[in-house]
Amino acid sequence: MRGLMQDNVALAADAYLAWWQLAGVDSAVTEAPVDWLRPAPAVVSGASAQSAQASAPALVPTKPKDLSAFRLWLESDSAHPERRWPARAIYPSSAVEAPLMVITDMPDPADVDAGTLLADRAGALFDAMLRAIGLDRAQVYVASLFFARPPGGMVEASDLISAAGRMRTHVQLARPRRLLLLGDRTIRALMPTDGATPANSLRDFNHEGGIVPAIATFHPRLLLGQPAAKAECWRALQSLIEEARP
């Protein structure tokens with residue numbers, strides 16, 4: 001009885017294999033993975049392919065020529081990393097040649113609610129920092145590396161590199177007289193130090209249009225939790241005051 005059952009199983013297996021071979025399947029695996037759900041590519045003749053290639057739009061973006069064009073590019077280009085994040089966008093808005101351009105990393109949760117950068121308690125401390133160097137918010141240009149907040153406030157290294165390059169163009173077009181970088185992430189992206197030069201000392205920030213004096217210090221959000229760091233922040237701000245003297 002057992003031998004008869006084994007013979008039936010063998011016959012059934014042979015029948016299945018024969019059916020798959022007739023269907024064109026003669027191996028279980030291939031040398032490379034195959035996406036069986038991918039649509040088959042359309043076959044285009046040589047003349048048609050050349051015509052389609054000639055009429056295809058250029059994929060290289062045009063670099064903004066002024067601050068207005070830069071703002072429009074931020075608002076309309078779908079290639080920015082922020083387009084992947086379900087967050088409210090906060091775009092910069094100011095005039096060129098401001099006495100000071102302040103750059104932070106990204107909007108805080110309170111900024112998203114208020115619709116402006118450096119809002120709430122951190123914003124109040126920031127306004128006090130500006131008053132200490134003889135400025136107010138109406139005189140400065142406030143911008144952020146990322147114009148929206150990613151989930152959890154975390155960004156990929158490739159996005160940070162992209163945002164840093166974008167900000168160098170931003171600074172070039174804004175033409176501020178000085179820069180103030182807020183927070184460790186902003187500093188590491190735009191003006192990393194090799195350890196020989198203190199991070200909070202006045203240095204030159206290079207961009208395609210030239211250089212601008214820049215200082216780096218703590219973000220107000222950190223100062224709220226670590227008041228002892230305010231003394232070091234004040235020393236950094238004093239560098240801006242000294243630079244502003246004739």
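Predicted model, so just to flag it, every value in this text is computed and none were measured. Quick note: numbers below take in every heavy atom, side chains included, and nothing from hydrogens, waters or symmetry partners.
Under the 4.5 Å side-chain heavy-atom criterion for grouping Ile, Leu, Val, Met, Phe, Trp and Tyr, Ile90 is not connected to Leu72 through any hydrophobic cluster. Phe146 and Tyr91 fall within a single hydrophobic cluster, where Ile, Leu, Val, Met, Phe, Trp and Tyr side chains are chained together by heavy-atom contacts under 4.5 Å. Under the 4.5 Å side-chain heavy-atom criterion for ILVMFWY residues, no single connected hydrophobic cluster contains both Ile161 and Ile187.
For Arg84, the salt bridge (Lys or Arg N to Asp or Glu O under 4.0 Å) criterion is met by Asp159, not counting sequence neighbours. Shown here are the side-chain contact (heavy atoms from CB on, under 4.5 Å) partners of Ala229, two or more places apart in sequence or in another chain: Phe218, Leu222, Leu223. Checked against salt bridge (Lys or Arg N to Asp or Glu O under 4.0 Å), Arg221 has the following partners two or more places apart in sequence or in another chain: Asp105, Asp108.
The main-chain N or O of Ser144 is never found under 3.5 Å from a side-chain atom of His170 such that the two would form a donor-acceptor pair. Using modelled atom types, one side-chain atom of Asp111 and one backbone atom of Leu118 make a donor-acceptor pair closer than 3.5 Å. At least one donor-acceptor pair closer than 3.5 Å links the side chain of Arg88 to the backbone N or O of Val112. Of the possible polar contacts, none joining the Asp127 side chain to the Leu130 backbone as a donor-acceptor pair under 3.5 Å is found. Not a single donor-acceptor pair under 3.5 Å links the side chain of Arg149 to the backbone N or O of Trp85.
Looking at heavy atoms from C-beta onward, Ile103 lies out of side-chain contact with Leu180 at the 4.5 angstrom threshold. Between Arg178 and Ile215 there is no side-chain heavy-atom pair separated by less than 4.5 Å. Between Pro64 and Leu173 the shortest side-chain heavy-atom distance falls below 4.5 Å. For the pair Phe205/Met101, no side-chain contact is recorded, criterion being any heavy-atom separation below 4.5 Å from C-beta on. Using a 4.5 Å heavy-atom threshold, the side chains of Pro92 and Leu74 count as touching. Within the 4.5 Å cutoff, no side-chain heavy atoms of Met106 are placed close to those of Glu82. In this structure, the side chains of Asp66 and Val96 stay at 4.5 Å or more apart for every pair of heavy atoms. Side-chain contact between Val171 and Pro176: present, with at least one pair of heavy atoms (C-beta onward) separated by less than 4.5 Å.
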Next on the checklist: Could you go through Arg71 and Glu75, starting from their C-alpha distance and side-chain angles, then the distance that decides it, and tell me whether this counts as side-chain contact (heavy atoms from CB on, under 4.5 Å)?
Outcome noted: CA-CA 6 Å; Arg71 167 68 183 259; Glu75 295 177 352; 2.4 Å; yes
Item to check | Verdict with supporting geometry, Leu100 and Ile133, side-chain contact (heavy atoms from CB on, under 4.5 Å) | outcome: CA-CA 11 Å; Leu100 180 67; Ile133 58 175; 4.1 Å; yes
Checklist entry - Tyr141 and Leu67: side-chain contact (heavy atoms from CB on, under 4.5 Å), yes or no, with the steps? => result CA-CA 12 Å; Tyr141 188 166; Leu67 204 55; 3.8 Å; yes
Checklist entry - Checking side-chain contact (heavy atoms from CB on, under 4.5 Å) for the pair Val142/Thr116: CA distance, chi angles, key distance, verdict? => result CA-CA 9 Å; Val142 181; Thr116 185; over 6 Å; no
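Taking CZ of Arg235 as the start and CG of Leu237 as the end, the distance is 11.0 Å to the nearest 0.5 Å. Rounding to the nearest 0.5 angstrom, the gap separating the OG1 atom in Thr169 from the NZ atom in Lys65 is 10.5 Å. To the nearest 0.5 Å, atoms OG1 (Thr104) and CZ (Arg185) are separated by 9.0 Å. The distance from atom CD of Gln139 to atom OG of Ser94, rounded to the nearest 0.5 Å, is 10.5 Å. Atoms CG and CG, from Leu190 and Leu160 in turn, are 8.0 Å apart once rounded to the nearest 0.5 Å.
For Pro213 against Asp204, the heavy-atom pair with the smallest separation is CA-OD1, 4.4 Å. Minimum heavy-atom separation, Met191 to Ala216: CE-CB, 4.3 Å. Residues Cys233 and Met129 come closest through the heavy atom pair SG-CE, 3.6 Å. Among all heavy-atom pairs drawn from Leu135 and Pro99, the shortest one is CD2-CG, 4.4 Å. Leu224 and Ala122 make their closest contact through CD1-N, 3.7 Å (heavy atoms, listed as atom of the first residue, atom of the second, distance). Between Gly123 and Arg137 the shortest heavy-atom distance is O-NH2, 3.4 Å.
In the displayed structure, Arg121 atom CZ is contacted under 6.0 Å by at most 12 heavy atoms of other residues, nucleotides or ligands.
The aromatic rings of Trp73 and His80 stand perpendicular to each other, their planes meeting at an angle above 60°, with 30° marking the opposite boundary.
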